[in-house]
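Presented below is the structure to which this report refers.
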Protein chains: 4
Amino acid sequence: MTPPLKAVTTPLDDVQGYADTRGVALKQAGVKQVDMPLSLMEKSGGIQSIKARVSLGVHLEKESKGTHMSRFIIQLTEWSRDKVITLNFKDLLEETMTRLDSKAAHMKMDFAYFIDKKAPVTHYSAPMAFPCSFQASLIRTSEKKLSHQLVLGVTVPVATLCPCSKEISDYGAHNQRAEIRAHLVLDTTTDHQMVWIEDVVAALEECASCPVYPVLKRLDEKYVTERQYDNPKFVEDVVRDATLVLREYPGVLGFSIEVEALESIHGHNAYAFHEENVTATHGLHS
Amino acid sequence: MTPPLKAVTTPLDDVQGYADTRGVALKQAGVKQVDMPLSLMEKSGGIQSIKARVSLGVHLEKESKGTHMSRFIIQLTEWSRDKVITLNFKDLLEETMTRLDSKAAHMKMDFAYFIDKKAPVTHYSAPMAFPCSFQASLIRTSEKKLSHQLVLGVTVPVATLCPCSKEISDYGAHNQRAEIRAHLVLDTTTDHQMVWIEDVVAALEECASCPVYPVLKRLDEKYVTERQYDNPKFVEDVVRDATLVLREYPGVLGFSIEVEALESIHGHNAYAFHEENVTATHGLHS
Amino acid sequence: MTPPLKAVTTPLDDVQGYADTRGVALKQAGVKQVDMPLSLMEKSGGIQSIKARVSLGVHLEKESKGTHMSRFIIQLTEWSRDKVITLNFKDLLEETMTRLDSKAAHMKMDFAYFIDKKAPVTHYSAPMAFPCSFQASLIRTSEKKLSHQLVLGVTVPVATLCPCSKEISDYGAHNQRAEIRAHLVLDTTTDHQMVWIEDVVAALEECASCPVYPVLKRLDEKYVTERQYDNPKFVEDVVRDATLVLREYPGVLGFSIEVEALESIHGHNAYAFHEENVTATHGLHS
Amino acid sequence: MTPPLKAVTTPLDDVQGYADTRGVALKQAGVKQVDMPLSLMEKSGGIQSIKARVSLGVHLEKESKGTHMSRFIIQLTEWSRDKVITLNFKDLLEETMTRLDSKAAHMKMDFAYFIDKKAPVTHYSAPMAFPCSFQASLIRTSEKKLSHQLVLGVTVPVATLCPCSKEISDYGAHNQRAEIRAHLVLDTTTDHQMVWIEDVVAALEECASCPVYPVLKRLDEKYVTERQYDNPKFVEDVVRDATLVLREYPGVLGFSIEVEALESIHGHNAYAFHEENVTATHGLHS
C-alpha cells in the first residue's frame, strides 16, 4: 500500500493546546515509569548516584485538551545533569509548573539508597540498599501562595523474633526478616530541620528485634542470634516503638508506619499498620 | 548442643493477650499476602472460582500486646468453603470483628476476573482476565452504629491512538495498549444498586480509542485498526470520558480513575489521573 | 484529517502466509502472558480451577513470514472449556502443531495450586497456594516420530534454621522462610508413572527444617518452633536431601533443585542449586 | 524464660567446614538478590555508576557441609570500591574461587544502563535506561585450565507496526511497544573483541519498525509515526533481522533473541524466539 500524502502543516499543529469542551479539569497528567539517573546528597556530604523511577505530572485546566509530555522529560533531564537533590523538590515542582503553565505539580520517585553498614562485632563493612521514595506536590492556592507537601518513604529490612514462640517453646523461637515501611510527612517551611535517610534507617532499626547486616562473621552471627532472642517483638511491637520514635522525630509532621514480617512458620505475612497526622493527601496518589 | 528443657506451661500462655503499656492503639494488625480460593457471583448468575490475594486486619486496642493471627486465616477459610461473594463484605468484616473482639476491620483482595469477550466482527469468543480488587472497611462508630466502606477496583486494558500523531503525520498514527484503572466507592446502604464488574469493564472500554480482544481474525483486525484511527484519544481524553460516565454510574458514590499508556514511541508511559468524591479513606491503605 | 480510502481486498490478504526470503527458520513464534482459566485434576480425583499464565508457540519455517497468533488463543480456549489437565500436554501440543501446520510446539504455564494443609498438632486445616508450572514441548523428529518433553515446576515455601547459628550461640538460632524450587523432567512414555503435585510438595517439605502452615494455634507453634530447632539445615542441606529424594522419585527422569532462604540476619538471600540428568532443553526457555 | 547459658567455643566452630557424608557435590551455593553499587566502563571512556542486583556462588565439594556466605559479600564489596567493570569477570570469578577454595564460580548481575538518546529530528537529548545483565562462569577443568563463559543480556524497547494490519486496513495500522531481549555469548579469549552495550542497542534498534526515544517534539513525533508506518514488522521479522545482525557481530560466538510485543489490540503479548550456537550452559541458570 502506498501511504497517502498530505501537505505538512507548518508549523505543526499544537493538538494538545486545542480547546476541550467537556468541562473536566484533571488532577494530574504527565509521565510515569521514567528511569532517570539523579544525584542525591548524603549525610556525609558526599553525592550518591541513584537510579530513580519517576512520575511527574501537573494539573490540567478544563479548557486544555492535553499536557505536553516531552517537557517533563526535559525538566527531569536538566535535574539529572545539573542538580543535587537535598529535599529541594519545591524548586523542581515550581520549574515544572512554570514550564507546563499549570497551577499544581506532583512528583513521585522510587530509588534504592546505599548505606555502608558495619557488622556489630567484627566491624566488617559493606554497602546495603534501602528502597526509598519521595512524593512531593506543589499547589498554587492563591496568586501569591504555594502549598508544598513532601513525603519521604524508607523501607528498612530487619529481623523480628516472635515473643509468643519464645514463651511457649522449650527452646528456640521462630524469627524472620521483616520490612519496616515508613512514610514521613516532612516539614517544608523555611529553615526546616534536615531529615537524613541514614538517621531514619538507624532509628527504625532500633525498633526491631535486631537489624540485618550485609556481612556477618561468626562472632557477629552469634551476637545477632542472641540479640534477636533477647529482644522478641511482634510486628505490633515494632510499629508501636516506631510510633514513639516518629512522634518526636525533628522535622517530621506526620507519619505512617507499616511492618510486614515474612513469617518463617507461614507462607503468608503478618503486618501491623499505624499512622498519625497524615492529613489531606494534596493530590498524592500511588 | 543439647537444647535446654523447660516444663510446658499448661495451658500455653496467651502472649498476644498480655497487657501493653505504651499506650499506642494501632489502626491495623493482621495478615497479608494470603492466597485464598474464593467464589464470586457473576452477572450471569454463575459462580466464578477466583484466586484472591488477601489482606485482613483489625484495629488493636492500646491495652493489647498483639492480635491473634490464626483467626484471620480461619475466617477466610470459612468463606473459601461456604460463601459466595456478592459485595457482601460487611458480613465478612463483622464476623472478623467479632472473632477478634475489635472495633474495626479492614480487608483488601486482589484477583483476576475472567470475562468472555467476542471479536467485534467474527464473534470468536475467548476468556480475558481483568485485574480487580475489593477494599472494604467496617468501623464501629458507636455502640449501635457501624460505618462501612467498599471500594471496587477494576483494571481494563484498552488501546489509545494519539490525536497529535494522527494530526501532524502524513499517514499512520502511533497507538498502544493502555490500562484504565478505576476505583469506585460503592453505595453500601440497604437496597443498594448492584454494581457488576462486567458492566464497569464495558462502560470503561467505550472511553478508549478501541477495546482490546483475546481473539481477532483478519476481519476483526481491520475493524479494530480503523476504529482506533477514527477515534483518537489522549490519556487525558480517556480519563475525561470515564469521569463523565462514572459521575452518573448507579451505585457509585465517588471514584478515582487513572489511565496509563504504554507509549509505542517512548520507553516510559503517559498517564492522567482524576478523582471525585473520594473522601476519608476510613483506614484503607494499600 | 480525512482518512484515505482504499478498496478492501476481498478476501483479506493472508500477510502471515507471505513468502520470506531471509532463510531464517525460527525456533518459536506465538503468544505470551495469556491468562486462561483451566481445570486440573487433583490427586483426590477432584477438579481444581486454576488461573494459568500461558505461553504457547510453534516452530516457524524459513519460508513463512509469520505465524497465526489467533489460533493459539482458540486452541487454549477449547482446552479451557472442554478439557481437564492430567499431564496430557502431548495432546495439547499435537493439536497446536496441526492447527498451525508446524513441526514443533512449545508451551509454558504458571499457576498457583491450592492444597489443604493441616496444622501438625491441632489439625486446623486451610488452603495454601503453591506456585507451579508446566513446560512442555513436542517436536517432530521424523515423519512418524514425535519427541515429547514435560517439566513440572513446584515451589514449596518452608523454614530453614541455621546450623551454624545454633552451634555457636548460647541460645536461639536464626531461622527464616525459604523457597524450594524444583523442576522435574517427567517420564512421558506410555504407562508413565503419574506424578502428583501433592506428593512432590510433601516430599520436598520433609527436606527442610520444618514445613510452613497456613494456620497454627499455640500448640502447633510450639511444635513447629521446636522441630525447626531440632532440625537445623543450611540451604545446602536442603538441596542435598532433596537430591537424594528426587533421584529415586518414580516418574522423574531428571531434575533441578534450588533453595533460596530469605535470611533473617541479612537483607539478601542465601541459595544452593543442583541439577542432574537435565539434558538438552528441547526448545524450552523461560 | 531465662535463656540457657553455654560456654562459648573459642574460637567458634566452623560449622560450614564440617564433613558431609551424603556424597552430593552441589553445582552452586552462594548469595542472591544482593544489591551492590558498581562502576561500569562506558564506550565513551566514562564511568557509569550502576546499581546491580547480583547472584554469586561456587561449586561445593561433596565433602563440605556448607559454603561461607560472608565471603561473597566481601568479594563484591571490594569490587564495588576498587574496580571498574570492563567484561573483566574472569578476574572476579577467579578471586571468588580462590577465596572460597572452589573449582567453579558463577555470577549473574542485572542492572539498568543509561544511554543518552537524541530525538531523530530536533536532537533533544535525554538519558534512557536499558535493562542489562551479565552471566559469567569460570570452571577449573584441569589443574592448569580454566573454562570461562560470559553472556551479555540487553533489553531494548522498540516499536513494531503490524504488516498485516497495515495491509488489510483502509487506513492506519496497529503498532505497539515491544521488547527485544538479546543474550550474547561473548568471545572471552585473549585479545577478544570488546562488545559495547551502546553498539548492541543501536544495532538491535535498527531491526524494529522504529526505535523509541525519551524526548520527542512534534517534528520528531511526525518522523517516528511515519517511519513506523513505512517499516512494518512482525515480531518474527524483528527476530530474523536481529539474527542476521548477530550472526556477524564481532566478538559474539552465539546468541538467543526474543522479541515480545505488548500488542495494542490484545491484552496479551506476541513473541518470537530464536537462538544459535548457544551450547552447554556451563552451570549458568536463571
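So you know, we letter chains A, B, ... as the sequences are listed, proteins then strands, and number each from 1. Worth saying up front: this structure is predicted, and the values here are computed from it rather than measured.
Between A:Glu236 and B:Gly66, the shortest heavy-atom contact is OE2-CA, 3.4 Å. Across A:Met69 and B:Tyr271, no two heavy atoms sit closer than the pair CE-O, 4.1 Å.
Taking the centre and axis of the six-membered ring of B:Phe273, the NZ or CZ atom of A:Lys27 falls outside the cone set by 45° and 6.0 Å.
For chain A, no part of B:Phe72 is nearby; none of its heavy atoms comes within less than 4.5 Å. Neither the backbone nor the side chain of B:Ile265 comes within contact range of chain A, judged by heavy atoms closer than 4.5 Å. When heavy atoms are compared at a cutoff of 4.5 Å, B:Asp241 approaches chain A by way of both its backbone and its side chain. For chain A, the nearby part of B:Glu260 is the side chain; its heavy atoms alone come within less than 4.5 Å. Only the side chain of B:Leu244 has a heavy atom closer than 4.5 Å to any heavy atom of chain A. Heavy-atom distances place both the backbone and the side chain of B:Val31 under 4.5 Å from chain A. Contact annotation for A:Asp14: neither backbone nor side-chain heavy atoms come within less than 4.5 Å of a heavy atom of chain B. Interface remark: B:Ser64 contributes backbone atoms only to the contact with chain A (heavy atom separation under 4.5 Å). Contacts between A:Leu262 and chain B at a heavy-atom distance below 4.5 Å are absent for every atom of the residue. Using a 4.5 Å cut-off between heavy atoms, B:Ile257 makes no contact with chain A at all. Neither the backbone nor the side chain of A:Ala261 has a heavy atom closer than 4.5 Å to any heavy atom of chain B.
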message = What verdict does the side chain to side chain contact (heavy atoms under 4.5 Å, CB included) test give for B:Asp237 and A:Arg22, after you've listed the backbone C-alpha separation in whole Å, the side-chain angles of each residue and the deciding distance to 0.1 Å?
response = CA-CA 9 Å; B:Asp237 290 311; A:Arg22 280 163 291 195; 2.5 Å; yes
inquiry  = Evaluate A:Phe234 against B:Val15 for side chain to side chain contact (heavy atoms under 4.5 Å, CB included), listing each step before the verdict.
reply    = CA-CA 10 Å; A:Phe234 289 129; B:Val15 183; 4.1 Å; yes
request  = Evaluate the side chain to side chain contact (heavy atoms under 4.5 Å, CB included) criterion for residues A:His268 and B:Ile73: first the C-alpha distance (whole Å), next the side-chain angles of each, then the deciding distance (0.1 Å), finally the verdict.
outcome  = CA-CA 10 Å; A:His268 61 263; B:Ile73 306 297; 3.4 Å; yes
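Highest contact tally toward chain A, considering only B:Pro163, B:Cys162, B:Gly267, is held by B:Pro163 [criterion: heavy-atom pairs under 4.5 Å]. Of the listed residues (A:Ser55, A:Cys164, A:Ala272), the greatest number of heavy-atom pairs within a distance under 4.5 Å of chain B belongs to A:Cys164. In terms of heavy-atom pairs under 4.5 angstrom with chain B, the leader among A:Arg53, A:Glu276, A:His274 is A:His274. The candidate with the highest count of non-hydrogen atom pairs below 4.5 Å against chain B, out of A:Ala25, A:Gly57, A:Gly30, A:Ala270, is A:Gly30.
Here the straight-line distance linking atom CD of B:Gln33 with atom CD of A:Glu263 works out to 12.5 Å at 0.5 Å rounding. Atom CZ of A:Arg240 sits about 4.0 Å away from atom CG of B:Asp20, to the nearest 0.5 Å.
We find that A:Lys32 and B:Glu258 are joined by a salt bridge, their nearest charged nitrogen and carboxylate oxygen being less than 4.0 Å apart.
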